[in-house]
There are 2 protein chains.
Amino acid sequence: MNNVEILIVDDEVQIRKMLTITLQSNDYKVSEASNAKEAIIRAANHPPELILLDLGLPDENGHIVLQKLREWYTKPIIILSAHSSEEDIVKALDNGANDYLVKPFRTGELLARIRSVLRSSTQEDENPILNFGDLSIDLATRIVRKTEEIVKLTTTEYTLFCLLCKNEGKVLTHHYLLKQIWGPSYINESQYLRVFIAQLRKKLEDDPNHPTHIITESGVGYRFI
Amino acid sequence: MNNVEILIVDDEVQIRKMLTITLQSNDYKVSEASNAKEAIIRAANHPPELILLDLGLPDENGHIVLQKLREWYTKPIIILSAHSSEEDIVKALDNGANDYLVKPFRTGELLARIRSVLRSSTQEDENPILNFGDLSIDLATRIVRKTEEIVKLTTTEYTLFCLLCKNEGKVLTHHYLLKQIWGPSYINESQYLRVFIAQLRKKLEDDPNHPTHIITESGVGYRFI
DNA sequence: AAGTTTCTTTACAAAATCTTTATACAAGCC
DNA sequence: GGCTTGTATAAAGATTTTGTAAAGAAACTT
């Protein structure tokens, strides 16, 4: 089982059945909705990885449903529709649909298009290596490199460095960093921070006395570039 | 001009012409390639934001071209092809194409699909940057620039500058500024203000003696333009 | 249990920032 | 002009914030 959940929204029970069987036999988890109201409730309660949306629903215009979903739902939506007019297609795509298939569609093509949109929506966490000049951090393996050399960081050092990397360019306040790393009751222990910032600089900066990556913003916090 | 560059890969000159005109009139920047070799070279030398790829190229099978591109090119690729067989479509999508349009296609639909794939590939997190001529202030990252150069401001300087920027054009009284920055009990310490205004001018004005941004309204306060 | 690593705490040095003082300039007014 | 009022700037303290080393405590390893 893939554990990728797809929500099928269609009023015709035969089509839902067909899609369910097709998708399940391709290792997708399936949930169903037969009208607009149900679709929105289901999507909100248990957001799927992808929505297959029929535009011809009984209780509401499909374009409206799409708009409502897109107010908050950011994952892929593929439209399945009997209408093949350019107007409908353009409108749906501009309302945030990721693809538009005209019924009757070919099963293999649908599956390929599902794979395609899922691929592009999940490719971000596929390669979680952040690069900053001569420094790089691999979020998955927790490996930090400086000019290809692996740098060994302790847990606390790594957590701190991670925070800085993930917020490149932004100033992170002492307050925020202390809260994130040591917990809310440590927000006044700025000394901890100083010690670990010094440690990181010693390990990561070319010249710890003139840091180019870990910049201190006096009176505010630190910034990573 | 959008400044979004699209590479058109097609061997038929009429189609390239037509696409070029269509895309350019929709504010895209266009480059062209008429065969596989040229396409790969162009894409490598000057990577576009999107590639429109015809599968029927004279010098190489389109699927192979797609595979070669996908070895390193991560931005969207839309296939334009005369072949409408499911086999071709599935193969292309599984090789990393983001969409597949069968020729002849409808122009409006192509543009909508281009918008769609570009939308999902460029999920920008726009942060509010205020611009004032050669000066800019990024409230999120707390970065102030003067003609692209980062200017380092201390906490007090930054707070003061922020206040001025947020009230561009308005006169802020000494009273008000002192109260906002130092607190209600400092409303008579106008000297503080003068010192910090001078500091800001020294850092931000081209000629601190003849300020063009931070204007003094004698007897009242200061105004930022 | 000894040794190693990592974290916490202390102490002091260094740097940055803020406050205060001193002085100069400009404009308006008698 | 001489006086007052409001403003500008430099520079000397004063204060706050930050950096660094190093010792002791705690947590892990073997």
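Values reported hereafter were calculated over all heavy atoms of this structure, with side chains retained and with hydrogens, waters and symmetry mates removed. Chain naming here is simple, since letters A, B, ... match the order of the sequence lines and numbering starts at 1 in each.
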Look at all strands and tell whether [X] reaches a base, only sugar-phosphate, or nothing, counting heavy atoms closer than 4.0 Å.
{"X": "A:Gln191", "answer": "base"}
{"X": "A:Thr156", "answer": "sugar-phosphate"}
{"X": "A:Tyr222", "answer": "sugar-phosphate"}
{"X": "A:Thr155", "answer": "sugar-phosphate"}

Once you round it to whole Å, what is the distance between [atom2] of [N] and [atom1] of [X]?
{"X": "B:Asn188", "N": "C:dT20", "atom1": "CG", "atom2": "P", "answer": "13 Å"}
{"X": "B:Ile215", "N": "D:dA8", "atom1": "CD1", "atom2": "C1'", "answer": "15 Å"}
{"X": "A:Leu200", "N": "D:dT20", "atom1": "CG", "atom2": "C1'", "answer": "15 Å"}
{"X": "A:Tyr158", "N": "C:dT6", "atom1": "OH", "atom2": "P", "answer": "16 Å"}
{"X": "A:Leu160", "N": "C:dT6", "atom1": "CG", "atom2": "P", "answer": "15 Å"}
{"X": "A:Glu205", "N": "D:dT20", "atom1": "CD", "atom2": "P", "answer": "11 Å"}
{"X": "A:His210", "N": "C:dA15", "atom1": "NE2", "atom2": "P", "answer": "9 Å"}
{"X": "A:Ile181", "N": "C:dC7", "atom1": "CD1", "atom2": "C1'", "answer": "13 Å"}

Closest approach to the side chain of [X], judged atom by atom: which nucleotide of [options] is it?
{"X": "B:Arg201", "options": "D:dT18, D:dA21, D:dA8", "answer": "D:dA8"}
{"X": "A:Phe196", "options": "D:dG19, D:dT9, C:dC7", "answer": "C:dC7"}
{"X": "A:His174", "options": "D:dT7, D:dT18, D:dT9", "answer": "D:dT18"}
{"X": "A:Thr216", "options": "C:dT19, D:dA8, D:dT18", "answer": "D:dT18"}

N/O (side chain, [X]) to phosphate O (OP1/OP2, [N]) under 4.0 Å:
{"X": "B:Asn209", "N": "D:dT9", "value": "yes"}
{"X": "A:Lys202", "N": "D:dG19", "value": "no"}
{"X": "A:Trp182", "N": "C:dC7", "value": "no"}
{"X": "B:Arg194", "N": "D:dA8", "value": "no"}
{"X": "B:Thr154", "N": "C:dC18", "value": "yes"}

Under-3.5 Å donor-acceptor pair between A:Gln199 side chain and C:dT6 base: no
Side chain B:Arg201, main chain B:Leu204, donor-acceptor under 3.5 Å: no
Test item: A:Arg119 side-chain N/O and B:Leu93 main-chain N/O as donor-acceptor pair under 3.5 Å: yes
4.5 Å side-chain heavy-atom contact, B:Phe161 and B:Gln199: no
Non-hydrogen side-chain atoms of B:Glu189 and B:Trp182 separated by less than 4.5 Å: no
Aromatic ring pairing B:Phe224/B:His213, orientation class (parallel under 30°, perpendicular over 60°, tilted between):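 Parallel: the ring planes of B:Phe224 and B:His213 meet at under 30°.
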Trace of the salt bridge (charged side-chain N to carboxylate O under 4.0 Å, His left out) decision for A:Asp138 with A:Arg145: CA-CA 9 Å; A:Asp138 186 331; A:Arg145 286 164 196 275; over 6 Å; no
